[in-house]
*Asks:* 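Here it is, the structure in full.
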Amino acid sequence: MDKVVATAQEAVADVPDGASLAVGGFGLSGVPNALIQALYERGVSGLSVVSNNCGAMESGLAVLLAAGRISRVTGSYIGANKEFARQYLAGELEVEMIPQGTLAERLRAGGAGIPAFYTPAGVGTQVAEGGLPWRYDGEGGVALASPPKEVREFDGVEYVLERGIRTDFALVRAARGDRHGNLVFNKSSRNFNPLAATAGRITVAEVEELVEPGEIDPDAVHLPGIFVQRVVALSPEQAADKRIEQRTVSK
């Protein structure tokens with residue numbers, strides 16, 4: 001039951017080239033930076049990543065992206081990541097952009113063993129009808145476009161069929177975790193982390209504070225340890241390293 005591994009490098013040692021990853025985080029909040037850095041140091045490439053966005057301010061997944069280690073991104077937000085946009089438009093990166101709520105539910109559904117579900121989000125758009133550019137040819141043309149999806153009517157309303165997402169691995173970050181893998185997230189840094197964790201066949205969690213089993217009130221657990229296979233305790237310096245994307249202060 002003790003799922004603690006000594007280092008982030010050890011925790012991701014079996015992630016191969018071409019693996020699919022569900023990665024928690026939103027902007028700079030709740031991003032498993034230590035695990036991402038460990039993957040970068042290992043030189044893993046050809047990764048297919050499922051994450052809300054692909055890093056920001058040269059941190060998080062942007063580390064792997066800038067090194068050319070990511071081949072495909074399933075997400076909902078590019079934001080101010082200029083390198084993400086450049087690789088996409090240059091045809092170097094395949095990108096599946098989907099509505100943010102749909103992304104969350106696809107991860108949740110995959111983790112719950114639900115193969116597909118119907119949602120009204122995207123009906124009447126290219127999300128349902130197909131034609132969204134997944135990969136450009138580098139000259140302004142579309143090399144690969146999204147296929148059409150099944151649309152059905154329920155009670156007079158149209159819904160589009162979306163597939164649940166499962167990945168080879170999931171990387172997440174939590175505020176607290178015990179040796180059994182039970183996790184607690186802090187406020188908005190919870191974001192996509194629990195959803196990503198359930199979607200991974202092997203889930204690795206970096207935790208800012210490692211505690212012993214029983215120290216976390218069962219009612220306070222955000223993600224049960226059954227979904228987590230490995231836990232890495234961050235150093236105090238790693239836990240405190242939290243950048244701010246848009247700093248706003250009062251006069």
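Below, all heavy atoms of this structure are taken into account, side chains as well, without hydrogens, waters or symmetry copies.
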*Asks:* For the backbone of A34 and the side chain of E206, can you confirm whether one donor and one acceptor N or O come within less than 3.5 Å of each other?
*Replies:* yes
*Asks:* So, for R166 and T198, which heavy atoms are closest and what is the spacing to 0.1 Å?
*Replies:* NH1-O, 3.0 Å
*Asks:* With no hydrogens and no angle check, is any side-chain donor or acceptor of N182 less than 3.5 Å from a backbone partner on P224?
*Replies:* no
*Asks:* With side chains defined as the heavy atoms from C-beta onward, is the minimum distance between P32 and V172 less than 4.5 Å?
*Replies:* no
*Asks:* Which heavy atom of G46 sits nearest a heavy atom of S71, and at what distance?
*Replies:* O-OG, 3.4 Å
*Asks:* Checking salt bridge (charged side-chain N to carboxylate O under 4.0 Å, His left out) for the pair R135/E92: CA distance, chi angles, key distance, verdict?
*Replies:* CA-CA 8 Å; R135 182 183 291 276; E92 300 171 9; over 6 Å; no
*Asks:* Can you check whether G25's main-chain N or O pairs, donor with acceptor, with N191's side chain at less than 3.5 Å?
*Replies:* yes
*Asks:* Distance from I36 atom CD1 to L61 atom CG, nearest 0.5 Å?
*Replies:* 4.0 Å
*Asks:* Indicate if I216 and V207 have the same hydrophobic cluster label, given that clusters are the connected sets of ILVMFWY residues with side-chain heavy-atom separations under 4.5 angstrom.
*Replies:* no
*Asks:* What are the two closest heavy atoms between V184 and A220, and how far apart are they?
*Replies:* CG2-O, 3.5 Å
*Asks:* Please walk me through it: do K3 and D178 pass salt bridge (charged side-chain N to carboxylate O under 4.0 Å, His left out)?
*Replies:* CA-CA 9 Å; K3 301 176 181 179; D178 65 21; over 6 Å; no
*Asks:* Search all heavy atoms of A56 against all heavy atoms of S59 and return the closest pair with its distance.
*Replies:* O-OG, 2.8 Å
*Asks:* Do any N or O atoms from the side chain of R230 and from the backbone of A11 form a donor-acceptor pair under 3.5 angstrom?
*Replies:* yes
*Asks:* Should E208 and K242 be marked as a salt bridge (charged side-chain N to carboxylate O under 4.0 Å, His left out) after you check the CA-CA gap, both sets of side-chain angles, and the distance that decides it?
*Replies:* CA-CA 11 Å; E208 296 171 15; K242 298 177 182 179; 3.1 Å; yes
*Asks:* Taking F26 as the starting point, is it possible to reach I98 by hopping between hydrophobic residues whose side chains are less than 4.5 Å apart?
*Replies:* yes
*Asks:* Once you round to the nearest 0.5 Å, how far does CZ of R86 lie from CG of N81?
*Replies:* 11.0 Å
*Asks:* Taking everything shown except Y77 itself, do over 12 heavy atoms lie less than 6.0 Å from its OH?
*Replies:* no
*Asks:* Just do the side-chain contact (heavy atoms from CB on, under 4.5 Å) check on L223 and V228 with the steps written out, would you?
*Replies:* CA-CA 9 Å; L223 184 77; V228 179; 3.7 Å; yes
*Asks:* Can you see which heavy atom on R69 is nearest to which on L39, and at what distance?
*Replies:* NH1-O, 4.1 Å
*Asks:* Answer yes when E212 and R179 have at least one side-chain N-carboxylate O distance shorter than 4.0 Å, and no when they do not.
*Replies:* yes
*Asks:* For D17, does its backbone N or O pair with a side-chain atom of S45 as donor and acceptor, under 3.5 Å?
*Replies:* no
*Asks:* Does any part of the side chain of Q126, heavy atoms only, come nearer than 4.5 Å to the side chain of L132, both counted from C-beta?
*Replies:* yes
*Asks:* Could you report the tightest heavy-atom contact between A196 and G24, atom names first, then the distance?
*Replies:* CB-N, 4.0 Å
*Asks:* Does CG belonging to L89 count more than 12 external heavy atoms closer than 6.0 Å?
*Replies:* yes
*Asks:* With distance as the sole test, does S51 use its side chain to make a donor-acceptor pair with the main-chain N or O of C54 at under 3.5 Å?
*Replies:* no
*Asks:* Quick check for you: to the nearest 0.5 Å, what is the distance between L107 atom CG and T102 atom OG1?
*Replies:* 11.0 Å
*Asks:* Parallel, tilted or perpendicular: which describes the rings of F154 and Y159, with under 30° parallel and over 60° perpendicular?
*Replies:* perpendicular
*Asks:* So do the side chains of Q37 and L35 get within less than 4.5 Å of each other, counting heavy atoms only?
*Replies:* no
*Asks:* Might you confirm whether atom CZ of R201 has over 12 heavy atoms from other residues, nucleotides or ligands at distances under 6.0 Å?
*Replies:* yes
*Asks:* Between H222 and L183, does a side-chain contact (heavy atoms from CB on, under 4.5 Å) hold up when you go through it step by step?
*Replies:* CA-CA 6 Å; H222 293 144; L183 303 180; 5.9 Å; no
*Asks:* For V15 and L21: C-alpha separation, side-chain torsions, deciding distance, then whether side-chain contact (heavy atoms from CB on, under 4.5 Å) applies.
*Replies:* CA-CA 9 Å; V15 178; L21 306 174; 4.2 Å; yes
*Asks:* Is it true that Y118 and E162 share a donor-acceptor pair across their side chains at a distance under 3.5 Å?
*Replies:* no
*Asks:* Just checking, any donor-acceptor pair under 3.5 angstrom between side chains of R190 and S188?
*Replies:* no
*Asks:* Side chains of Y136 and V142, heavy atoms from C-beta outward: is any pair under 4.5 Å?
*Replies:* yes
*Asks:* Can R106 and E96 be counted as an ion pair, charged N to O under 4.0 angstrom?
*Replies:* yes
*Asks:* Check whether any side-chain heavy atom of V231 sits under 4.5 Å from a side-chain heavy atom of L210, and report yes or no.
*Replies:* yes
*Asks:* Test N193 against F185 for side-chain contact (heavy atoms from CB on, under 4.5 Å), laying out the working first.
*Replies:* CA-CA 8 Å; N193 275 297; F185 303 94; 3.5 Å; yes
*Asks:* Can you tell me if S235 uses its side chain to pair, donor with acceptor, with the backbone of Q238 under 3.5 Å?
*Replies:* yes
*Asks:* Would you indicate whether the side-chain heavy atoms of V4 and V232 approach each other to under 4.5 Å?
*Replies:* no
*Asks:* For G131, is there any backbone N or O sitting under 3.5 Å from a side-chain donor or acceptor partner on S146?
*Replies:* yes
*Asks:* Taking the side chain as C-beta and beyond, is there a heavy-atom pair between M97 and V127 under 4.5 Å?
*Replies:* no
*Asks:* Just verifying a value: how many Å separate I70 CD1 and F84 CZ, rounded to the nearest 0.5 Å?
*Replies:* 8.5 Å
*Asks:* Flag yes if more than 12 heavy atoms outside E58 fall under 6.0 Å of its CD atom; otherwise flag no.
*Replies:* no
*Asks:* Working to the nearest 0.5 Å, report the span between CG of L28 and CG of N33.
*Replies:* 8.0 Å
*Asks:* Do I202 and I165 sit in the same hydrophobic cluster, where Ile, Leu, Val, Met, Phe, Trp and Tyr count as joined when their side-chain heavy atoms come under 4.5 Å apart?
*Replies:* no
*Asks:* Can you tell me how far CG of N186 sits from CZ of R173, rounded to the nearest 0.5 angstrom?
*Replies:* 10.5 Å
*Asks:* With a 4.5 Å cut-off on side-chain heavy-atom distances among I, L, V, M, F, W and Y, is there a chain of contacts connecting V49 to V31?
*Replies:* yes
*Asks:* Ignoring hydrogens and angles, tell me if any N or O in the side chain of N53 forms a donor-acceptor pair with the backbone of S76 under 3.5 Å.
*Replies:* no
*Asks:* Taking everything shown except Q246 itself, do over 12 heavy atoms lie less than 6.0 Å from its CD?
*Replies:* no
*Asks:* Checking the side chain of T203 only, and the main-chain atoms of Q229 only, is there a donor and an acceptor separated by less than 3.5 Å?
*Replies:* no
*Asks:* Considering only heavy atoms from C-beta outward, does the side chain of L171 approach that of V12 to under 4.5 Å?
*Replies:* yes
*Asks:* If hydrophobic clusters are built by linking Ile, Leu, Val, Met, Phe, Trp and Tyr wherever their side-chain heavy atoms come under 4.5 Å apart, do V204 and V63 end up in the same one?
*Replies:* yes
